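Below you'll find the structure, written out as structure tokens, and then a few comments.
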Amino acid sequence: MATAASLFNSLNPAQRKAVEAKDGPTLVIAGPGSGKTRVLTSRVAYLLAVRKVAPHRVMAVTFTNKAAKEMRERLNRMAGLAQAGEVAMGTFHSICARLLRRDAPLIGVDHNFAIFDADDQINVVKAALTELNIDDKKYKPAAIHGVISRAKNELIWPDQFRSKTYFEEVAGRVYGRYNQILRANNALDFDDLLMETVRLLQENPAVRERLQERYLHTLVDEFQDTNIAQYVLVTLIAGKHRNLFCVGDPDQSIYAWRGADYRNVMRLQEDFADLNVIALDQNYRSTQTILDAAMSVIRRNPKRRHIKLFTERGHGPKIVVRELYTEDEEAQYVVDTIRELVDQQAAEPGDIAVMYRTNAQSRAVEDAFVRAGMQYRLVGATRFYARKEIKDALAYLRIVNNPADSVSLRRVINTPPRGIGDKTFAQLEETARARGASIYDALTAGQHAGRSGKALADFAGLWQKWIALRDELSVGQLFDKIINASGYRDYVKDGTEEGEDRWANVMELRNVAIAAGDLPLGEFLNEVALVSETDNYDESASAPTLLTLHAAKGLEFRVVFIVGLEDGVLPHSRSLDNPEQMAEERRLMYVGMTRAKDRLYLLRAFRRSSWGMSEAGAPSRFLDDLPDELIDLGHRKRGATGRRDAQTAQQTWTPPAPRKPAPAEFAPGQRVYHQKFGEGMVLRSTRQRDDEEVEVFFEKAGKKRLSATVSGLKRIE
DNA sequence: CTTGCTACTCTTTTT
DNA sequence: GAGTAGCAAG
């Protein structure tokens, strides 16, 4: 068992300085692999063990539940810190949910409020659009929701919302209605958890003061990823004692798209003039080669403080940069290389990760693993709690916990089919509205006529019975009851193989429900709503991990493959014309590279198929930033790797079996028509195996590189 | 009301 | 290429 003392002894001087910082606001700027999490944990241990701060007076906010859990486990393992369990630890969202539960009526919801996830939120936007007679073709629910979410992250209420564009003006109207629908459902969305907590504290001095008094120390991990709402929240909580201890790295800020504002780091310096800033630049993870390469990429971002990361780990192998022909060959290269590394005992399968920009890229990699008969672990992608059967099962529990939740009701009232269709449901809603009653009251109190009458009455009976049992049964018992009585079990187990898979998922959820023990239903649902996918990541399993670059944050692996190093993939195409977003892509690349301890592979495919079409992409601009001496290009010469442009790369590519070349169909200057991009002019064309690679400038879509056969490009004579 | 078919959009990244 | 929304027939 570790002791607090031995923990402190293993720290370097800079880390120690941070851990033992005197009271007051402190910001630790910590580069990748510098023991950031360790510093945060040690700080908590230090406060409890040395400074004798009572554990319940410490709040530690982490980015994922997993990080919180890890910290708690570490503290619990330490001698003399048995009461570490009392430290308030969790994500912003989970901490807010806890605070709100207590004072829910003050913000206009019941104690058993529901938390609406991304799916539910989109459904609410759709409902609002329908009510306001707005065309959801023209105003995409997801885009509207994006505007609303951004506003909420910046603490802008519907009546304060100011629009700059017509689109925003529409979104602003939807925002108001959206919030009304949420409250009618006795529900909050993710963003509300933060925003309403801030409002609760700002408008209720008694609540605020109680909280401010209680938390003597507030610690925040991954500070660069906080948004405005979160920033205001922590400064409120730490407002009295001012012992705010933040740890972060602006270079690893990769969540601007969901409202994170790394300028919070600057804001902190303005708001706390006595801020104590400590920098940690020694790296304990990667080889110097990897660090130098990562720095060469991040260095090109403007407006950043220049730090030099160093390690005592030595240089290690060069970074392997390879170009493969397609994404399938790229994936095959990954699998082959992993096999070699494992054979040579250079790494265990569990030490290896494959990272990509978008979840869609995982498929090619997965296929290669399956073909090779190799085990792998996939993080994210088909998120467990996003599965239909899981959402259905949870929706049953949700309507029992919160009868006002009509979004969940709509999900399950006709699943399995009971003869209650859209029309009947709409009538039910209308009845409720006409009587000014809740949909639950309308369903259970009313006499139902017509064909669907019996079906409605039957469902009402079931629902009432479940609610009556809510406080008597444990979540697990209730779960079993509902799944059987509702007919959902037989609906899922439809005799097919997929049906069995779905049932297995439902049973997995059942295990979670049973593990909840006597936890009240409402709290169980909150917890489930706030778990993230990486929280369930099992580090002990021995197989390579497949994950997005975003999901990789905070993790480390001996060997890292980053695939899809092409302009348009990494950096992503939606970032190419925006310098701010491009800077974020660069940070994402930096995060990915610095996950590697020993070996780093940067791969790209010459052509890649995305939504049916195979297109050649230019090499990622990030590859150009790597110094020659740090990279291993294999047997090919530099310049022939496709780092410069696709054409030189194409010349060095030797097809496995040369086939007779098809005659060139397109010459520069040729007018062409494409089904999606419209009319354009050929800029250049190169033959490619038995296909033709054509670069075309389209009037509407700009410059594109296409395959003549796959794209169905037509000549206009 | 349900089922099954066709047509169409879509890809960042997630608490 | 895949998932879904929308429509037509039973």
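Keep in mind that the numbers below use all heavy atoms, side chains included, and drop hydrogens, waters and symmetry copies. Letters A, B, ... are given to chains in the order of the sequence lines, protein chains preceding strands, and every chain is numbered from 1. Fair warning: this is a prediction, and the values are worked out from it, not measured in the lab.
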Looking at B:dT2, I'd like to know if its phosphate oxygens (OP1 or OP2) sit under 4.0 Å from a side-chain N or O belonging to A:Asn414.
yes
Selected nucleotide, minimal atom distance to A:Thr548 side chain, candidates B:dT14, B:dT11, B:dC1
B:dT14
Report the distance from atom NZ of A:Lys152 to atom P of B:dT14, rounded to the nearest whole Å.
21 Å
Among A:Val354, A:Asn359, A:Leu555, exactly one meets side chain to side chain contact (heavy atoms under 4.5 Å, CB included) together with A:Leu547. Which residue is that?
A:Leu555
Over 12 foreign heavy atoms within 6.0 Å of CZ, A:Arg263
no
DNA chain B nearest-nucleotide lookup for A:Glu585 and A:Gly421: closer to the 5′ end is A:Gly421
Nearest listed nucleotide, side chain of A:Asn359, among B:dT15, C:dA5, B:dT14:
B:dT14
Starting the side chain at C-beta, find the nucleotide from B:dC1, B:dT14, B:dC10 nearest to A:Lys140.
B:dC10
In whole angstroms, how far is the P atom of B:dT15 from the CD1 atom of A:Ile122?
16 Å
By the 4.0 Å heavy-atom rule, please label A:Asp191 as base, sugar-phosphate, or nothing.
nothing
Assess the residue pair A:Phe92 and A:Asn227 against the criterion (side chain to side chain contact (heavy atoms under 4.5 Å, CB included)); give the C-alpha distance rounded to whole Å, side-chain angles, the decisive distance to 0.1 Å, and a yes or no.
CA-CA 11 Å; A:Phe92 277 102; A:Asn227 60 34; over 6 Å; no
Under 4.5 Å between any side-chain heavy atoms of A:Gln230 and A:Val234, yes or no?
no
Please report the distance, rounded to the nearest Å, between CD1 in A:Ile115 and P in B:dT15.
14 Å
Determine the Euclidean distance between corresponding P atoms of B:dT11 and C:dG6; express it in Å to zero decimal places.
16 Å
Within the structure shown, what part of the strands sits under 4.0 Å from A:Arg418 by heavy-atom distance: base, sugar-phosphate, or nothing?
sugar-phosphate
Taken to the nearest whole Å, CG/A:Asp261 to P/B:dT15 is 20 Å
Start at the 5' end of DNA chain B and walk down; is the nucleotide closest to A:Pro417 or to A:Ile254 reached first?
A:Pro417
For A:Trp257 and B:dT13, are the ring centres under 5.5 Å apart with planes inclined under 30°?
yes
Could you tell me how far apart A:Asp221 (CG) and B:dT15 (P) are, to the nearest whole angstrom?
15 Å
What's A:Glu222 touching, base or sugar-phosphate or nothing? Going by heavy atoms closer than 4.0 Å.
nothing
Whole-Å distance separating the NZ atom of A:Lys388 from the C1' atom of C:dA5:
12 Å
A:Ala360, nearest nucleotide to its side chain (from B:dT13, C:dT4, B:dT11):
B:dT11
Given B:dT13, C:dG1, B:dC10, which nucleotide is nearest the side-chain atoms of A:Arg363?
C:dG1
Proximal nucleotide (of B:dT9, B:dC1, B:dT13) relative to the A:Thr424 side chain
B:dC1
Can you tell me which nucleotide in C:dA5, B:dT15, C:dT4 comes closest to the side chain of A:His93?
B:dT15
Assess whether a salt bridge exists between A:Arg363 and A:Glu366, defined as any Lys/Arg side-chain N lying under 4.0 Å from an Asp/Glu carboxylate O.
no
In whole Å, measure the gap between the C1' atoms of C:dT4 and B:dT13 for me.
22 Å
Hey, does A:Arg398 have a side-chain heavy atom less than 4.5 Å from the side chain of A:Arg411?
no
Which of the following nucleotides, C:dT4, B:dT15, C:dA5, is nearest to the side chain of A:Phe190?
B:dT15
Nearest to the side chain of A:Lys126 - B:dT14, C:dA5, B:dT2?
C:dA5
Rounded to the nearest angstrom, tell me the gap between atom CD in A:Gln361 and atom P in B:dC10.
20 Å
Between A:Gln230 (CD) and B:dT15 (C1'), how many Å, whole number?
8 Å
